[in-house]
Amino acid sequence: RYISKIPGPPSWLLVGNTFQFLGSSGDKWHTRRKMLTPAFHFNIIQQFFKCFVDHSEQLVERLQEECTKPYTDIPPLVTQMGQLLSVRIGRPWLFLNCIYQFTAIKKEQNLLINTLHKFSKSVIENRKQSFAESDLYVDSNDEQFGSKKRLAMLDLLLTLKNSGVQISDEGIREEVDTFMFEGHDTTSAGISFALILIANHPNVQEKLAEEIKSVMNGSDRSFLFSDIQQMHYLELVVKECLRLYPSVPSIGRKTDYDIVTSTGYLIPKDTIVGVHIYSLHHNPIFYPNPEKFDPDRFLPENTKGRHPFSYIPFSAGPRNCIGQKFAMVEMKTAIATIIRNFVLLPIDKPVNLTLISHMVLKTSDEMRIKIRKRYKGSELFTYCNI
Ligand code: HEM
């Protein structure tokens, strides 16, 4: 019910609506959210599953080179935008454009914006050129926006625009930017933390490899969507990774009404409320021995009675993560493809990592693991010595 975001700097076009603060909470958010929700239906994700597999296999190709190195620093090149935004948010005087425009970070931001906008514009232009409605996937059950078609995000926006719905080219670019930012940094952080945790827990890694072997029944073929859906232990592992290291460690809201909590506290209208997801996920009331990596916490018998909002890596309520199913499938496919091909060995211990939040959870130091090829002798998944 309480959808307003916290006050902050004026909207930052680079990241579309992602970091538009106050101004984005009203009608614009509502219309855009309603427009885009169908694009994240499970059918669409399933339709794009081959993309997840192709990219996971390309990642494996790149990781082959890493096997010869003494270690691999997992996180990819950092998205610098999050870093810049964190600097600005911590300095309220920089919210004023009249001051901010003279700063060095504004110059840096302009360079990054130009690069990103060039990229997103070229993606949109390419799709416009090849866009043929006859190719589109039809789902006769979907009546959203009067359309019977269930379309991927960009196709959906282009179709709506063609059919007269009010959205400008700039509006389309804003949404593309939003999803590029939200969809990239969050999942790459999630996968990076998952890899270091798995490297440090060989028992979990072995169980994952066994599950993959059993679901694939000895076959060497690429994963299908149904394979990933059958990997239940993998799902537990990903959930536990996002508990320990939620890619978005905290969020903020401004209350639109007076709220009285169940314990009788009044939170008056217009209060800024910080929701610290990281602390919630490490609270021993909900998670005994909270620092322990234990995927079994998410077995159905162990989640019985746990408060539904004690686990919110994707937030909750109307302004929750629109891409959560997408993110889970992406993370599961990437991790399963990596574990199928490599054995991960520990170098750095998760407990020694210094965590920082640049909007998305990061570490200030390297996150090193050793990658070794998983040998495929007569058995597909013979373990090499750890
Ligand atoms: C592990 C991966 C991810 C995590 C942990 C995550 C987490 C979150 C959280 C906590 C929020 C609420 C933010 C807030 O209230 O300030 C959010 C919002 C959002 N996420 Fe994600 N996200 C992930 C991946 C994705 C992906 C893959 C996409 C798109 C493809 C995506 C798109 C969005 C969008 C558009 C919003 C804003 C929704 C709105 O305001 O209505 N996210 N995400």
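In each ligand, atom 1 is the first atom listed, and ligand 1 is the first ligand listed.
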Is there a donor-acceptor pair under 3.5 Å between the side chain of R306 and the backbone N or O of R297?
yes

Let me confirm one number: the NE2-CG distance from H307 to L280, rounded to the nearest 0.5 Å.
9.5 Å

Please state which part of F326 comes within less than 4.0 Å of ligand 1, counting heavy atoms only: side chain, backbone, both or neither.
side chain

Judged by atom type as modelled, is there a donor-acceptor pair below 3.5 Å linking the side chain of E211 to the main-chain atoms of L234?
yes

Taking distance alone, with N or O pairs closer than 3.5 Å, would you say S315 contacts ligand 1?
no

Which donor-acceptor pairs under 3.5 Å do side chains of residues 325-335 form with protein atoms, sequence neighbours excluded?
residue, atom, partner, partner atom, Å
E330, OE2, T187, OG1, 3.2
K332, NZ, E235, OE1, 2.5
T333, OG1, V329, O, 2.6

Per-atom filter on ligand 1: closer than 4.0 angstrom to a heavy atom of V248 are 7 (C), 8 (C), 10 (C)

With T72, the side-chain hydrogen bond (donor to acceptor under 3.5 Å, both in side chains) member among K370, E66, R368
E66

Please classify the R253 to ligand 1 contact at 4.0 Å (heavy-atom distances, strictly less than): side chain, backbone, both or neither.
side chain

Could you name the option among P313, C321, P318 that has the heavy atom nearest to atom 21 (Fe) of ligand 1?
C321

Report yes or no: does a heavy atom of N320 sit under 4.0 Å from some atom of ligand 1?
yes

Could you list which atoms of ligand 1 come closer than 4.0 Å to a heavy atom of S247?
1 (C), 5 (C)

Is it the case that the side chain of D227 and the backbone of F223 share a donor-acceptor pair, with hydrogens and angles ignored and the cut-off at 3.5 Å?
no

Has M153 got any heavy atom lying under 4.0 angstrom from an atom of ligand 1?
no

